[in-house]
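Both counts, for ligands and for their atoms, begin at 1 and track the order of listing.
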Amino acid sequence: MDLAFDRQHIWHPYTSTLTPLTCYPVESANGVHIKLEDGTELVDGMSSWWSTIHGYNHPHLNQAAHQQIDQVSHVMFGGITHQPAISLCKKLLSLAPINLEHVFLADSGSVAVEVSLKMALQYWHAKGERRPKFLTLRHGYHGDTFAAMSVTDPDNSMHSLYKGFLPEHIFAESPTCGYWDEWKPEDLADFEHKIETHHQELAAVILEPIVQGAGGMRIYHPEFLKGVRRLCDKYGLLLIADEIATGFGRTGKLFACEHAGIQPDILCVGKALTGGYMTLSATLASKHVADTVCGGDAGCFMHGPTFMGNPLACAVATASLELIEQGDWKQQTQQIETLFSELLPKLEQYDLVKNTRWLGAIGVVETHRPVNMEAIQALFVEHGVWIRPFGKLIYMMPPFISKPEDIEKLVNAIDAALQHQDCFA
Ligand SMILES: *Cc1c(COP(=O)(O)O)cnc(C)c1O
């Protein structure tokens, strides 16, 4: 591959064009293995950012894609519908919390979040109230487009860079009680105070249920989420659950909201929706939300992406949900969780390690010093694994089909990195 061209002309995520870090050339991938151009096989610990839950090159998903591409790859969704969208939305509604009845299909996670925020704003507009603000949590992540960024952690997404351009919303302290800790009701105090103070100007609360992903890989107590639902009900506010990272089994439940037994008014899904094959997202809403939005002056919801309901993506997503319906993910994520619970605490023997945590098929090692990306990435590749840390967080979210020896290989590679001072700043 022409890596020189890549370095000179192609932007990679959060990467400098002046001093680009190494990019590893991938030739193909199969199951949990990513194959580099030189033939090296890496055990995948990232599911390509939470998405490839069934592994790469899956026969059932491949077949769905091949079949659909011979029928129609894309057709506009305005005034037209098709079987892949109908099949997908039927399945989504049968799996999602029971109160959700309407599906809006979009292109990426960030767009699903934009759509959810617009739904909440239009909801209050239709009710004749001015509600310009959202309440969310520190250390959250909701995407890289402007509205999504405005509810993402101000420090991680560098709100200061976009000051004056980014709408300013309300941030409550994020929960400190971990999932496995004893619940302390004080954890909800700041959130309660903020909702009480600002509820009259709030359109909705938006958060990632149970696991805050890219904003800090924090795994919090279900009682916090229950408290949030209770307070949203008390003040008549909509609750938007961003399950783009957590949806479809990643936390050991189909949706993370189930850990707290709550239902959101609006739910965003993406990432694993197509089993990691292509970009597709969905925003699900309750009948009450949809009816109110469409009963307003506008008479409809004001959004319509060009590639809305893309048949190829819908067909693959339907196939992915068929695999989910078979139910193997439950036992698979349980097995991965058990392994993480046995293996990760051992890493706390290193002074460099601040904390380890896990839930379902998510394992996190937080260090005291940030990683040296170039060095740690090279060491992981040398150890035959693909793990991409950020800052002080080395984390794994392997495909559900990973075997115990794959998980051990990932954890062993992290163990090796922790013994190399040059892998850290
Ligand atoms: C990744 C992510 C998004 C954004 O999704 P994109 O497809 O990258 O736009 C939004 N919310 C959460 C919780 C995510 O993890």
Original post:
For atom 11 (N) of ligand 1, what's the nearest protein heavy atom and its distance?
Top reply: Asp242 OD2, 2.7 Å
**OP:** Establish, yes or no, whether a centroid distance under 6.0 Å links the rings of Tyr277 and His58.
**Re:** no
Subject >> Region of Glu243 engaging ligand 1 - heavy atom pairs below 4.0 Å >> reply: neither
Original post:
Which word best sums up how the rings of Phe307 and His74 line up, parallel for under 30°, tilted for 30 to 60°, or perpendicular for over 60°?
Top reply: tilted
Subject >> Distance, nearest 0.5 Å, that separates OG1 of Thr318 from NZ of Lys90 >> reply: 11.0 Å
**OP:** State the atoms of ligand 1, each with its element, that fall below the 4.0 Å cut-off from a heavy-atom position in Gly143.
**Re:** 4 (C), 10 (C)
**OP:** Could you point out which residue of Val205, Asp265, Ile240, Leu238 forms a side-chain contact (heavy atoms from CB on, under 4.5 Å) with Cys232?
**Re:** Val205
**OP:** Give the numbers and elements of all ligand 1 atoms closer than 4.0 Å to a heavy atom of His142.
**Re:** 10 (C), 11 (N)
Original post:
Among Ser108, Gly109, Pro209, Gly140, which one has a heavy atom closest to atom 5 (O) of ligand 1?
Top reply: Gly109
Original post:
Are Tyr179 and His221 close enough that their ring centers fall under 6.0 Å?
Top reply: no
Original post:
For Lys271 and ligand 1, does the shortest N/O to N/O distance drop below 3.5 Å?
Top reply: yes
Original post:
So, are Lys354 and Glu366 salt-bridged, with charged N and O less than 4.0 Å apart?
Top reply: yes
**OP:** Could you see which bit of Glu208 sits under 4.0 Å from ligand 1, with heavy atoms only: side chain, backbone, both or neither?
**Re:** side chain
Subject >> Identified side-chain contact (heavy atoms from CB on, under 4.5 Å) counterpart of Asp44 within the set Ile387, Leu410, Ile34 >> reply: Ile34
Original post:
So which heavy atom in the protein is nearest atom 8 (O) of ligand 1, and how far is it from that ligand atom?
Top reply: Ser110 OG, 4.4 Å
**OP:** Give the atoms of ligand 1, by number and element, whose distance to some non-hydrogen atom of Ile244 is under 4.0 Å.
**Re:** 2 (C), 3 (C), 10 (C), 11 (N), 12 (C), 14 (C)
Original post:
Of the backbone atoms (N, CA, C, O) and the side-chain heavy atoms from C-beta on, which set of Tyr141 has a member under 4.0 Å from an atom of ligand 1: side chain, backbone, both, or neither?
Top reply: both
